[in-house]
S.K.: 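Let me begin by handing over the structure; questions about it come next.
Quantities reported herein were computed from a predicted structural model and do not represent experimental measurements. In what follows, chains carry the letters A, B, and so on, assigned in the order in which the sequence lines appear, proteins first and then strands, with residues in each chain numbered from 1. Side-chain atoms are counted along with the backbone in the values below, which use heavy atoms only and exclude waters and symmetry mates.
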Amino acid sequence: MLDIQILRSDLDNVAARLATRGFVLDTARFIELETARKDIQMRTQELQAKRNSSSKLIGQAKSRGEDTTAIMAEVALVGEGLKAIEIQLVQLQNELQSMLEGLPNMPHESVPVGKSEADNLEVRKVGAIPEFDFVVKDHVELGEKLGGLDFETAAKISGARFSVLKGGLARMHRALAQFMLDTHSDCHGYTEVYVPYMVNAASMRGTGQLPKFEEDLFRVPRQMGEEGEQNFYLIPTAEVPVTNMVRDEIIPLEDLPLKYVAHTPCFRSEAGSAGRDTRGLIRQHQFEKVELVQMVYPDESYAALAQLLGHAETILQQLGLSYRVVKLCTGDIGFSSATTYDIEVWLPAQNTYREISSCSNFEAFQARRLQARFRNAAGKPELLHTLNGSGLAVGRTLVAILENNQLADGSVKIPEVLQCYMGGLKILSAS
RNA sequence: GGAGAGGUGGCCGAGUGGUCGAAGGCACUCCCCUGCUAAGGGAGCAUUCGGGGAUAACCUGAAUCGAGGGUUCGAAUCCCUCCUUCUCCGCCA
């Protein structure tokens with residue numbers, strides 16, 4: 001959520017910056033709502049002040065044993081007027097609030113202006129692209145040949161876009177998550193956390209998935225009390241539960257930065273991407289991810305983003321995978337993000353780089369919704385900056401290893417750093 | 001699932017209809033005192049949103065005592081619904 005003060009004081013500039021990401025801010029509507037809000041709010045508060053002071057007088061008069069019927073009648077009249085105008089005020093504030101919640105974050109000045117992913121900026125390429133002297137197989141073929149990847153059974157028990165992993169593949173999948181968790185907590189200073197996979201609506205709202213992106217989520221209806229219904233939502237990323245840990249909190253300055261790593265499943269309905277990546281593990285309703293989350297002092301958030309990106313890259317380097325880092329342009333960054341770097345891993349069978357991590361600085365955008373603050377040197381609460389990034393998406397990492405480490409006979413070399421997680425095994429073969 | 005007790009400011013903790021945004025304590029900030037031990041005295045110290053002011057200091061209004069609704073001229077205090085925490089029992093991984 002953007003700071004409404006900025007909208008009030010610098011509306012045209014905000015509109016211009018949002019326009020770079022293809023968002024049209026209805027400035028006329030904002031001004032209209034804001035003007036009405038100001039008027040109604042002032043009138044409401046005037047009446048409330050009158051009621052308060054009169055009620056106070058009644059209290060004083062009664063304690064002296066005086067007659068209060070006249071003044072009470074007068075205040076009752078004020079109360080009537082108040083009821084009506086308070087309803088108006090609440091309506092206006094709700095409209096303003098939902099308009100505000102619908103606005104995406106403003107891109108950082110350093111973000112390249114562009115319309116689509118075609119305009120993203122390649123920052124660096126790391127690692128040589130592997131060459132093969134045989135025709136490469138994709139991960140689906142490799143996995144099925146190895147007997148460890150089974151989409152038909154997954155379709156039977158759940159449906160499309162689910163998978164069953166078996167044997168060595170299942171174990172490598174687990175090994176990857178362990179390796180990532182251990183690396184980030186032992187070497188990069190993150191505290192490992194275990195968190196709920198279902199969260200309430202307030203949490204989804206806090207990190208910006210709601211109200212705008214409900215269609216991408218899996219909702220779990222839940223009967224509450226007599227008639228009330230209160231939904232759970234399956235998390236689309238660990239970002240949601242982990243970042244929400246600081247919702248409505250004031251963190252002591254000396255505790256910053258907070259750095260958390262969590263391994264969770266992620267659930268996405270992918271409503272908008274029917275027909276894309278229907279083959280294989282690339283795009284699933286359920287996948288696993290090791291997520292890095294930081295809450296930091298505002299001045300340090302860009303340094304923290306660079307670090308966090310490096311932490312994610314370390315994993316790819318240690319696995320021996322080739323990748324590139326891309327800075328997303330204004331037209332391609334996510335709703336809540338001010339700056340995003342994607343890490344894309346090389347997939348031989350697709351002959352291209354594919355996203356395996358996304359690292360973002362949200363600045364105060366999430367913190368404002370979350371009321372996630374710290375106490376600054378002057379002792380005043382101030383909004384934190386929040387960041388997160390995948391470190392990494394486990395399923396896609398598995399895909400990358402299968403495809404990049406394949407041998408001519410369809411067996412797959414296990415990266416050295418994973419071998420200790422796999423009982424010393426060096427190679428996956430059909431056996 | 002059953003029974004009971006709670007949810008108040010950064011923390012602890014008073015407060016059962018009226019000058020309470022809220023006693024007291026702790027922590028913190030500033031000043032004074034004291035040459036020295038986790039000593040004493042004084043002052044300040046919630047958040048959010050408005051209005052004024054230089055988008056300062058500051059002045060001023062409103063809202064907020066788990067959430068939402070209700071009663072009332074007036075609610076932290078009374079009523080209703082919900083959420084949540086703790087204790088005991090049951091059950092279970």
S.K.: Does the gap between the ring centers of A:F213 and A:F335 come in under 6.0 Å?
M.R.: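 Yes.
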S.K.: Under a 3.5 Å threshold, yes or no: a donor from one side chain and an acceptor from the other, between A:D216 and A:S269?
M.R.: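 Distance-only check fails for A:D216 and A:S269.
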S.K.: How many angstroms lie between atom CD1 of A:I40 and atom CD of A:E86, to the nearest 0.5 angstrom?
M.R.: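 If we round to the nearest 0.5 Å, A:I40:CD1 and A:E86:CD are 12.0 Å apart.
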S.K.: Taking any strand in view, what nucleotide pairs with B:rA62 in a Watson-Crick or G-U wobble way, both distances under 3.5 Å?
M.R.: B:rU48
S.K.: Nearest nucleotide by nearest heavy atom, which residue falls closer to the 5' end of RNA chain B, A:V75 or A:Q5?
M.R.: A:Q5
S.K.: Take the angle between the ring planes of A:F162 and A:H285 and call it parallel below 30°, perpendicular above 60°, tilted in between.
M.R.: tilted
S.K.: Relative to the 5' end of RNA chain B, which residue comes earlier, A:A49 or A:M72, by the nucleotide with the nearest heavy atom?
M.R.: A:A49
S.K.: Atom CG of A:N200 to atom C1' of B:rA67: distance rounded to whole Å?
M.R.: 13 Å
S.K.: Taking a pair as Watson-Crick or G-U wobble with both distances under 3.5 Å, which nucleotide is matched to B:rG24?
M.R.: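 The answer is B:rC12, by the H-bond criterion.
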S.K.: Looking at A:N52, I'd like to know whether one of its side-chain N or O atoms comes within less than 4.0 Å of OP1 or OP2 on B:rA63.
M.R.: yes
S.K.: How long is the line joining CD1 of A:I58 and P of B:rA75, in whole Å?
M.R.: 11 Å
S.K.: Determine whether any donor atom in the side chain of A:K62 lies under 3.5 Å from an acceptor atom in the base of B:rG18, or the reverse, and answer yes or no.
M.R.: yes
S.K.: Let's test this: given Watson-Crick or G-U wobble pairing with both distances under 3.5 Å, identify the partner of B:rU55.
M.R.: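 Across all strands, not a single nucleotide pairs with B:rU55.
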S.K.: CD of A:Q371 versus C1' of B:rG10: gap in Å, rounded?
M.R.: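 Going from CD in A:Q371 over to C1' in B:rG10 covers 16 Å.
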S.K.: Please confirm whether A:Y302 and A:H108 have ring centers closer than 6.0 angstrom.
M.R.: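 Yes, ring centres under 6.0 Å apart.
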S.K.: Any side-chain to backbone donor/acceptor pair from A:H184 onto A:G391? Under 3.5 Å, distance only.
M.R.: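 Present.
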S.K.: Please state how far atom CZ in A:R369 lies from atom P in B:rU48, giving the value in whole angstrom units.
M.R.: 19 Å
S.K.: Taking atom C1' of B:rU48 as reference, at what distance in whole Å does atom CG of A:L370 sit?
M.R.: 16 Å
S.K.: Among residues 80-96 of chain A, which ones have heavy-atom contacts with RNA chain B below 4.0 Å?
M.R.: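 Under 4.0 Å from RNA chain B: no residue of residues 80-96 of chain A.
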S.K.: Is the distance from OP1 or OP2 of B:rU47 to the nearest side-chain N or O of A:K380 less than 4.0 Å?
M.R.: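 Checking A:K380 against B:rU47: at least one side-chain N or O falls below 4.0 Å of OP1 or OP2.
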S.K.: Taking atom P of B:rC28 as reference, at what distance in whole Å does atom CG of A:N376 sit?
M.R.: 17 Å
S.K.: B:rU77 and B:rA63: how far apart are their P atoms, nearest whole angstrom?
M.R.: 15 Å
S.K.: Look through every strand shown and name the nucleotide pairing with B:rG90 as Watson-Crick or G-U wobble, where both distances are under 3.5 Å.
M.R.: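 B:rG90 is paired with nothing.
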S.K.: State which of B:rU47, B:rC73, B:rU19 makes the closest approach to the side chain of A:P381.
M.R.: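 So the side chain of A:P381 is nearest to B:rU47.
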S.K.: Just to confirm, is there a sub-4.0 Å distance from OP1 or OP2 of B:rA63 to any side-chain nitrogen or oxygen of A:R51?
M.R.: yes
S.K.: How far does the P atom of B:rU84 sit from the matching atom of B:rC58, given to the nearest Å?
M.R.: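 42 Å, rounded to whole Å.
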S.K.: Considering only the C1' atoms, how many Å lie between B:rU8 and B:rA75, rounded to the nearest integer?
M.R.: 14 Å
S.K.: Run the side chain to side chain contact (heavy atoms under 4.5 Å, CB included) test on A:L165 and A:R171 for me, step by step, so that the C-alpha distance in whole Å, both residues' side-chain angles and the decisive distance to 0.1 Å come before the verdict.
M.R.: CA-CA 9 Å; A:L165 302 183; A:R171 185 163 189 181; over 6 Å; no
S.K.: Could you list by number each residue of residues 32-48 of chain A showing a heavy-atom separation from RNA chain B of less than 4.0 Å, or answer none if no residue does?
M.R.: A:R37, A:K38, A:Q41, A:M42, A:Q45, A:Q48
S.K.: Taking the side chain as C-beta and beyond, is there a heavy-atom pair between A:V290 and A:L392 under 4.5 Å?
M.R.: no
S.K.: Between B:rG74 atom P and A:Q60 atom CD, what is the distance in whole Å?
M.R.: 17 Å
S.K.: For A:E382, is there an ion pair with A:R375 - N to carboxylate O distance below 4.0 angstrom?
M.R.: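 Salt bridge absent between A:R375 and A:E382.
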S.K.: So, the side chain of A:K259 versus the backbone of A:H188: is there a donor-acceptor pair under 3.5 Å, distance only?
M.R.: yes
S.K.: Answer yes or no: does a side-chain N or O of A:R373 lie under 4.0 Å from OP1 or OP2 of B:rU48?
M.R.: yes
S.K.: Take atom C1' in B:rG24 and the same atom in B:rG15, then report the distance between them in whole Å.
M.R.: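 One C1' to the other, the span is 11 Å.
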S.K.: Taking the same atom, C1', in B:rG41 and in B:rU34, what whole-Å distance lies between them?
M.R.: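 After rounding to an integer number of Å, I get 11 Å for this pair.
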S.K.: Expressed as a whole number of Å, how far does the P atom of B:rA22 sit from that of B:rG6?
M.R.: 26 Å
S.K.: Under a 3.5 Å cut-off for both distances, is B:rA76 Watson-Crick or wobble paired, and to whom?
M.R.: none
S.K.: Can you confirm if the aromatic rings of A:Y297 and A:F374 lie within a centre distance of less than 6.0 Å?
M.R.: yes
S.K.: For atom C1', what is the distance between B:rC31 and B:rU16, given to the nearest Å?
M.R.: 41 Å
S.K.: Provide the Watson-Crick or G-U wobble partner of B:rU34, both distances under 3.5 Å; none if there is no partner.
M.R.: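 Here B:rU34 is not engaged in any pair, so there is no nucleotide opposite it.
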S.K.: Of all the choices, B:rG21, B:rA62, B:rG18, which nucleotide is nearest to the side chain of A:K56 once you look at every atom?
M.R.: B:rG21
S.K.: If I take atom CG in residue A:D248 and atom P in nucleotide B:rA67, what distance separates them, rounded to the nearest angstrom?
M.R.: 11 Å
S.K.: Check whether any side-chain N or O of A:Q371 sits under 3.5 Å from a backbone N or O of A:E249 as a donor-acceptor pair, and report yes or no.
M.R.: no
